[in-house]
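Remember, it's 1-based here, ligands and their atoms both numbered in the order they're listed. These numbers come from the heavy atoms of this one structure, side chains and all, not from hydrogens, waters or symmetry mates.
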Amino acid sequence: MTRTVYVNGDYLPETGAKISIFDRGFLMADAVYEVTSVLGGKLIDFAGHVKRLERSLGELDIKKPACFDDLLTVHRELVARNDLVDGMIYLQITRGSDGDRDFTFPDSETTEPTVVLFTQSKPGLADSTLSKSGARIILVEDIRWGRRDIKTVQLLYPSMAKMMARKAGCDDAWLTEEGVVTEGTSNNAYIVKGGRIITRQLSHDILHGITRAAVLRFAREAQMEVEERSFTIEEAKAADEAFFTSASAFVMPVVEIDGTALGDGTPGPVAKRLREIYLEESLKSAI
Ligand code: PDD
């Protein structure tokens, strides 16, 4: 099926959508993005994604596009036009193009940001086989830049890390820096020890996950103990269980870290319970 996508105010067939070869998103990775999941045709955590998008734009001094206040309508329109039931909506905003390549930013008075949105259909997204078996992950050095709290499209290293995981016969990679885990290639990382949920504190070192915020809130509401601090590679391998969170994976149990099986090698009870709570609660507030 040919998707209908959104480019700078127009809904177009994906084959007819075009942006400039001088667009700074293309030439400089000068762009930010968001991924919002869709379950049963409804948007999950939409307000959180828009809030983080606004922050990412602000941190990079990219001006808000004219359609910013209409983003909910655009998302809903894409869901409707593509009959999207389960899947994701990808949104990218770049600094735009002033018709040439230059390291300095173009004048924001005369250069409009580029806005692109498209849907990705993933039937049965909330019921993935990986969520039942649990993910096997490897650890790789985190060599990304220092502002990982800004959701930029500089995703080459996370892609390479994911390929390293695939080459090793695993599902994903967690990134480490000076012996501690920062986050996953495209998710936030957690371990569970003695019933306590441990995940790295917010800073410039990790993305402030929208799913993370919701999951930690639900965990605290369910009287689970949460510790927001860095954890070491050794702690991760000795954990009772582990999991990661993201808009597309929700709460994903991790059963193996760098060849070490956690617990009995099957998804742990805390991860399974949090996945249930997250899906139930976020479906209730989906819009
Ligand atoms: N990735 N950390 C990184 C590096 C991420 O890329 C993501 C999301 C997360 C989780 O954030 P959230 O819960 O807001 O999705 C953490 C998206 C899903 C992606 O790139 O496809």
Side-chain angles (χ1 to χ4, degrees), residues 25 29 31-39 43-56 59 75 86-93 116-122 125-126 128 130-131 135 137 139-165 171-177 180-190 197 199-219 228 230 242-252 254 271 274-275 277-279 281-282 285-286:
V32 299
Y33 77 107
E34 282 295 331
V35 175
T36 302
S37 63
V38 174
L39 290 177
L43 302 161
I44 305 292
D45 282 336
F46 180 76
H49 288 286
V50 171
K51 200 165 164 204
R52 184 173 61 193
L53 175 66
E54 188 170 16
R55 177 177 182 275
S56 295
E59 292 298 301
H75 277 72
D86 292 340
M88 286 95 77
I89 298 189
Y90 176 84
L91 169 156
Q92 179 168 329
I93 299 177
V116 170
L117 284 92
F118 57 81
T119 54
Q120 293 184 284
S121 177
K122 306 272 177 195
L125 179 64
S128 67
L130 194 61
S131 68
I137 60 157
L139 299 173
V140 304
E141 191 68 25
D142 195 343
I143 58 166
R144 297 172 301 162
W145 79 325
R147 288 303 306 273
R148 302 153 189 164
D149 56 311
I150 308 172
K151 199 161 171 65
T152 76
V153 301
Q154 301 176 75
L155 297 176
L156 181 55
Y157 187 66
S159 295
M160 289 169 71
K162 208 160 288 225
M163 291 311 293
M164 289 180 227
D171 303 296
D172 211 334
W174 279 4
L175 309 174
T176 67
E177 212 167 46
V180 296
V181 174
T182 51
E183 60 183 334
T185 55
S186 57
N187 48 63
N188 291 117
Y190 308 73
I197 299 162
T199 192
R200 196 180 174 103
Q201 70 281 9
L202 297 180
S203 70
H204 287 176
D205 297 336
I206 62 167
L207 186 74
H208 301 189
I210 303 306
T211 320
R212 177 189 183 281
V215 165
L216 292 188
R217 191 174 72 247
F218 297 142
E228 293 184 63
S230 302
F243 60 94
F244 60 77
T245 64
S246 78
S248 49
F250 311 117
V251 177
M252 184 61 70
V254 168
L274 280 175
R275 183 177 175 89
I277 299 176
Y278 176 76
L279 285 170
E281 292 300 319
S282 45
S285 57

Trainee: Taking heavy atoms and a distance under 4.0 Å, where does L155 meet ligand 1: side chain, backbone, both or neither?
Mentor: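 Looking at L155 and ligand 1, no heavy atom falls under 4.0 Å.
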Trainee: Kindly give the heavy-atom pair with the smallest separation between V251 and A271, and that separation in Å.
Mentor: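 That would be CG1-O, 3.6 Å.
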Trainee: State the atoms of ligand 1, each with its element, that fall below the 4.0 Å cut-off from a heavy-atom position in T185.
Mentor: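 Matching atoms, with element in brackets: 4 (C).
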Trainee: Do K122 and S248 meet the criterion of a side-chain donor-acceptor pair at a distance under 3.5 Å?
Mentor: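 Result is no, nothing qualifies.
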Trainee: If we set the cut-off at 4.0 Å for heavy atoms, which region of L207 has an atom near ligand 1: side chain, backbone, both, or neither?
Mentor: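 Within the 4.0 Å criterion, L207 contacts ligand 1 through side-chain atoms alone.
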Trainee: Checking the side chain of R275 only, and the main-chain atoms of A126 only, is there a donor and an acceptor separated by less than 3.5 Å?
Mentor: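 Confirmed, R275 side chain pairs with A126 backbone.
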Trainee: Atoms of ligand 1 less than 4.0 Å from N188 heavy atoms?
Mentor: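 So the answer, numbered in order with elements, is 10 (C), 16 (C).
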Trainee: Taking all heavy atoms of E183 and all of D205, pick out the closest pair and write down the distance.
Mentor: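 That closest heavy-atom pairing would be OE2-O, 4.0 Å.
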Trainee: For the CG atom of L202 and the CD atom of E228, what is their distance to the nearest 0.5 Å?
Mentor: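 The CG atom of L202 sits 6.0 Å away from the CD atom of E228.
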Trainee: Any salt bridge linking E34 with K151? Criterion: basic side-chain nitrogen under 4.0 Å from a carboxylate oxygen.
Mentor: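 Looking at K151 together with E34, the answer is no, because their closest N to O distance does not fall below 4.0 Å.
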Trainee: Tell me the protein heavy atom at minimum distance from atom 6 (O) of ligand 1, and give that distance in Å.
Mentor: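 Result for atom 6 (O) of ligand 1: S186 CA, 3.4 Å.
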Trainee: What part of R144, side chain from CB on, backbone N/CA/C/O, both or neither, has a heavy atom under 4.0 Å from ligand 1?
Mentor: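 Answer for R144: side chain.
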Trainee: What part of M88 sits under 4.0 Å from ligand 1 if we count only heavy atoms: the side chain, the backbone, both or neither?
Mentor: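 It is neither; nothing of M88 touches ligand 1.
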Trainee: For atom 13 (O) of ligand 1, find the nearest protein heavy atom and state the residue, atom name and distance (0.1 Å precision).
Mentor: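 The protein heavy atom lying closest is T211 OG1, 2.6 Å.
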Trainee: For ligand 1, which atoms, with element, lie under 4.0 Å from some heavy atom of E183?
Mentor: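 Those of ligand 1 that fall under 4.0 Å from E183 are 2 (N), 3 (C), 4 (C), 16 (C).
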Trainee: How far is atom 11 (O) of ligand 1 from its nearest protein heavy atom, and which residue and atom name does that atom have?
Mentor: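 Answer for atom 11 (O) of ligand 1: G209 CA, 3.5 Å.
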Trainee: What are the two closest non-hydrogen atoms of S37 and L125, and how far apart are they?
Mentor: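 Looking at all heavy atoms of both residues, the closest pair is CB-CD2, 4.3 Å.
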Trainee: Starting from atom 18 (C) of ligand 1, find the nearest protein heavy-atom neighbour and note its residue, name and distance.
Mentor: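 Looking at atom 18 (C) of ligand 1, the protein heavy atom closest to it is S248 OG, 3.8 Å.
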Trainee: Hey, does R148 sit under 4.0 Å from ligand 1 if you only count heavy atoms?
Mentor: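 It does not, in that no heavy atom of R148 comes within the 4.0 Å cut-off of ligand 1.
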Trainee: Which residue and non-hydrogen atom of the protein lie closest to atom 15 (O) of ligand 1, and at what distance in Å?
Mentor: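 Atom 15 (O) of ligand 1 sits closest to the protein heavy atom A247 N, 2.8 Å.
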Trainee: If I compare all heavy atoms of Y90 with all of Q92, which pair ends up nearest, and what's the gap?
Mentor: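 In terms of heavy atoms, the two residues are closest at OH-OE1, 2.5 Å.
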Trainee: Considering only the protein, which heavy-atom contact is closest to atom 19 (C) of ligand 1, and what is its distance?
Mentor: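 Looking at atom 19 (C) of ligand 1, the protein heavy atom closest to it is Y33 OH, 3.6 Å.
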Trainee: Measure across Y190 and F244 and return the closest heavy-atom pair with its distance rounded to 0.1 Å.
Mentor: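 The answer is CD1-CA, 4.0 Å.
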Trainee: Of the protein's non-hydrogen atoms, which lies at the shortest distance from atom 8 (C) of ligand 1, and what is that distance?
Mentor: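 Its nearest protein heavy-atom neighbour is K151 NZ, 3.2 Å.
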Trainee: Looking at every heavy atom in both T185 and A161, which two are closest together, and how far apart are they?
Mentor: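 Heavy-atom minimum between the residues: CG2-CB, 3.6 Å.
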Trainee: Considering distance alone, does some N or O of R52 sit under 3.5 Å from an N or O of ligand 1?
Mentor: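 Looking only at distances, the answer is yes, because the N/O contact criterion of under 3.5 Å is met.
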Trainee: Return the residue, atom name and 0.1 Å-rounded distance of the protein heavy atom closest to atom 21 (O) of ligand 1.
Mentor: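 Answer for atom 21 (O) of ligand 1: V35 CG2, 3.6 Å.
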Trainee: Does R144 pair with E177 as a salt bridge, N-O distance under 4.0 Å?
Mentor: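 E177 and R144: not salt-bridged.
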Trainee: Hey, is D45 one of the residues with a heavy atom under 4.0 angstrom from ligand 1?
Mentor: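 Flag not set, D45 not near ligand 1.
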